[in-house]
Structures are given as C-alpha cells and as structure tokens.
Q: 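Supplied in structure tokens, the structure appears directly below.
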Amino acid sequence: MDGLGAAPGRRPRRALVALCVTEVTSWGVLYYAFPVLAPAISADTGWSTPAVTAGFSLGLVVSAAAGVPVGRLLDRVGPRPVMTGGTLLAVPATLGLAAARTLPQFFAAWVVAGLAMAAVLYQPAFAALTRWYGPRRVAALTILTLAAGLASTVYAPITAALAGHLSWRQTYAVLAVLLAVITLPGHWLGLRLPWPPAETQTHRDHAPDAVARSAGFLALAAAMSLAALAVYAAVVNLVPLLQQRGLSTSDAALALGLGGVGQVLGRLGYGRLTIATTVRSRTAIVLLAAAGTIVLLGLLPGPFLALVVASVLAGATRGVVTLLQATAVTDRWGAAHYGRLNGLLAAPSTFAAALAPWAGAALAGPLGGYPAVFCLLGALAAVAAVLATVGVPTGLGR
C-alpha cells in the first residue's frame, strides 16, 4: 500500500510522474511564456507595456479568487476531473491570447486563463499529493516542486526559439497545442486513482470554518501574503537592482538564472529541515532567511561573484517558501480539508504575487532606487516571520 492506503502499488508514483510533467508544461505555457512574449506583444499591437502586463496580472487575480471554490471542489471529487477541466479551459484561453485583436479581448482571454491556472497549477497538485501520499507527502511535494522549478528553464528557451521564427500569436498557438498534447492525457490518464476519504477529525476546532476564522489561520494567511510579495517582488526586480550596481544586462540575467538553481537546491534540503525543526521554528527560520537574503541583496554593492552568491541564497530561500506554504495547512490542522483551507490560504498570497511585478518599480522612485526597495521587502518578510508563528496549534509549536 502507498500513501494513505487508498491507492495501491505504484499508482501514486505514476500520478506523481504525471504531475511533474504537467506542472512543468502548465507553468511554462500559462506563466513563463508571457515574460518572453510581452515585448513582442506590445511592439506588434501598440498596447503599452503596463497594459499588456495588466492582462497577465488580471489572470493571476482571477486565479486567486477561483482558488477557493476550486479547493472545495477538489476535496469532494479529487484532482482528475478538476485538473482535466482546467486543461480544457487552458487550451482555448491560450488560443484566445493568440487571437486577441483588442485589449478587451486580450483581458478576457487572461480571465479564462486565470480560471484555468487555479485548476492546473500548484494548488490542485499539492492537494492531490497531500491526500494520496499522507505522511510521505513532504517527499512527494519536494519532487514535484523540484520538477516544476524547471518550467522556466525548459519553456523560456522554447518560447524564445519559437518567437525567433514565428510571430507571438503563432508562438502562443504552438504552445496551446503543446499544452493540449501533454497535459490533457497527463491529467486524464495519469490521475486515474481512487480519491481517498479525508482523514476524520472530530474536534470542532478543526472544522474548516472554525480553522478559517481562527487567529492562527488569519495570521498565517497575512504572513504568507507578505512573504509572497517580498520574494516575488525581489526576483522580478533583481535585474534592475543589479544594473544599478553596475552589472550588464547579461551578467544580471546570469545572476537571476543561477538564483533558479539555488531554488532547486533549497528544496532538496526541506525534508531534512522538517525532521530537525518544529512547525513554529521552521516557519520562522525559513521566512527570516528569506528576509535576510533579500536585505543582503539590497545592501551588497558587489563584486559580481558576491552578488551571484547572494542571488543563489535568495533563490534557495524562495524555493523553500513554496514548500513551506504547501505544507502549512497539514502541519497545523491536518489533511481533512486541505483543498478548501489551502485555497483560502493561497488566495491572498496569489493576489500579493500578482502585485509583485510592478511593486518594486512603483517603490523605486519614492525610495530613491532599488537597494532601498529590497531593504523594505526584507523588512516585510521579517514581519511575515513573526506573524506566521502566531496561533500554531498546541503540541506543534514547541
């Protein structure tokens, strides 16, 4: 038996492999292709860069709002119908982006894409592995996030190569075909497992409504939102920060890319961290480390090698923050209502991530440059570390 015992043999491993493949493709097409294509979209259509980016941010906001009902549905019916349905939305949404001739049409396509993201990106995949793998979920979640961490590595070059020979519209059309060919069978065939019954919890304090209204849950949601704003604003604005430090665009891009390597390395150590720490100490350690590395980037003037090391360290903490959020609900309140509670927890974090692309640029002027912005972002992550330790259920925080 594997996981919680509801899915025998190798079937959960087959589902894990399927999710690794589909997450790379879903993230690659729905998220990472956009930064590569955004300049071409703006140049071809005449739409301003802020307007084009606003469409992408709108999709992320819709994804955040849809995550809560999607989480409830996941708890009831399981990931196979939800993620397959999400793919059936994602493909026409991507084709809609390719076909959009006006900004309202472009925004409408991103609304549909946002609905699809809620059903195919991390949250439903996390819910699936949490239920199927039970006590072994940390290892499964680590493997998934390690694989999905390669989405930009795989699809940014693919998108750039396609855009070098095709228009941005044709590129999105080809990506839509890849999305359909890879993720539709991956979700429909790879997730054919019985959906185990939720762990039973009779204590009324662990009822989902009670948990969602508790001080601990609200503090955790606020903490994860602040952390998401800090780490994503830092990564998006790393290149302009390093350019202010005197690095060329290519050197700054190299430092950013090596930060992605750090993200993978950080996730490799999360399992050992869960064994050596309590929920409270682990949360504080990870978020304080994120705060420290962001501030380090803001204070460190150089040289190039030192800035690269700081970027790798920041990437490592960023990678661990993803796993921290994925396990936050089960670490505190169990897996009985994971889909619903994690949807509620992830919604404000996704809103914060949607604000992150322009937050740094908006603050850079008033604060006098990106170094000060990074120090402020680090301070927000430190506040998140304090908030996240509030209300850890008895017996978990010692």
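Computed from a prediction, not measured in an experiment: that's the story for all the values here.
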Q: Would you tell me whether Arg282 and Thr274 have side-chain atoms, one donor and one acceptor, within less than 3.5 Å of each other?
A: no
Q: Closest heavy-atom contact between Leu144 and Ala125?
A: CD2-CB, 3.7 Å
Q: Would you please test Trp333 and Tyr338 for ring pair (Phe, Tyr, Trp, His ring centres under 6.0 Å) and show each step?
A: CA-CA 9 Å; Trp333 299 286; Tyr338 179 87; over 10 Å; no
Q: Using modelled atom types only, decide if a donor and an acceptor are shared between the side chain of Ser26 and the backbone of Leu121 within a distance under 3.5 Å.
A: no
Q: Counting N and O atoms only, with roles assigned by atom type, does the side chain of Arg267 sit under 3.5 Å from a partner on the main chain of Thr145, one being a donor and the other an acceptor?
A: yes
Q: Please check if any side-chain donor atom of Thr22 sits under 3.5 Å from a side-chain acceptor atom of Thr25, or the reverse.
A: no
Q: Cluster question for you: counting only ILVMFWY and a side-chain heavy-atom cut-off of under 4.5 Å, with indirect links fine, are Leu37 and Trp47 together?
A: yes
Q: Can you name the closest pair of heavy atoms from Ala228 and Ala352 and give their distance?
A: CB-CB, 4.3 Å
Q: Is the backbone of Arg80 close enough, under 3.5 Å, to the side chain of Thr84 for a donor and an acceptor to pair up by distance?
A: yes
Q: Verify the neighbour count for atom CH2 of Trp188: are there more than 12 heavy atoms of other residues, nucleotides or ligands below 6.0 Å?
A: no
Q: Do you see a donor-acceptor pair shorter than 3.5 Å between the side chains of Tyr270 and Thr327?
A: yes
Q: Would you say the side-chain atoms of Thr283 and Arg332 include a donor-acceptor pair closer than 3.5 Å?
A: yes
Q: For the pair Trp195 (side chain) and Leu74 (backbone), establish whether a donor and an acceptor sit closer than 3.5 Å, ignoring hydrogens and angles.
A: yes
Q: Could you check whether the rings of Phe106 and Trp168 sit parallel, tilted or perpendicular, using 30° and 60° as the cut-offs?
A: perpendicular
Q: Short question: side chain of Ser214, backbone of Val211 - any donor-acceptor pair under 3.5 Å?
A: yes
Q: Is a side-chain donor or acceptor of Arg169 paired with a backbone partner of Ala100 at a separation under 3.5 angstrom?
A: yes
Q: Any idea which heavy atoms bring Leu30 and Met117 closest together, and the distance?
A: O-CE, 3.8 Å
Q: Taking Glu23 for the side chain and Cys20 for the main chain, is one N or O donor matched with an acceptor at less than 3.5 Å?
A: no
Q: Are the side chains of Leu95 and Tyr172 in touch, meaning some heavy atoms are under 4.5 Å apart?
A: no
Q: Kindly say whether Arg13 contributes a backbone atom to a donor-acceptor pair with the side chain of Tyr133 at under 3.5 angstrom?
A: yes
Q: Measure from the side-chain N and O atoms of Arg76 to the backbone N and O of Leu73, and report whether any donor-acceptor pair falls under 3.5 Å.
A: no
Q: Near Tyr232 OH, under 6.0 Å, is it more than 12 heavy atoms from other residues, nucleotides or ligands?
A: no
Q: Looking at Gly186, is its backbone amide N or carbonyl O close enough to the side chain of Thr183 to form a donor-acceptor pair, meaning the two atoms are under 3.5 Å apart?
A: no
Q: Aromatic contact between Tyr155 and Tyr32, with the criterion being ring centroids under 6.0 Å apart: yes or no?
A: no
Q: For residues Thr389 and Val386, report the shortest heavy-atom separation together with the two atoms involved.
A: OG1-O, 2.7 Å
Q: Considering non-hydrogen atoms only, spot the tightest contact between Tyr370 and Asn237 and give its length.
A: CE2-OD1, 3.5 Å
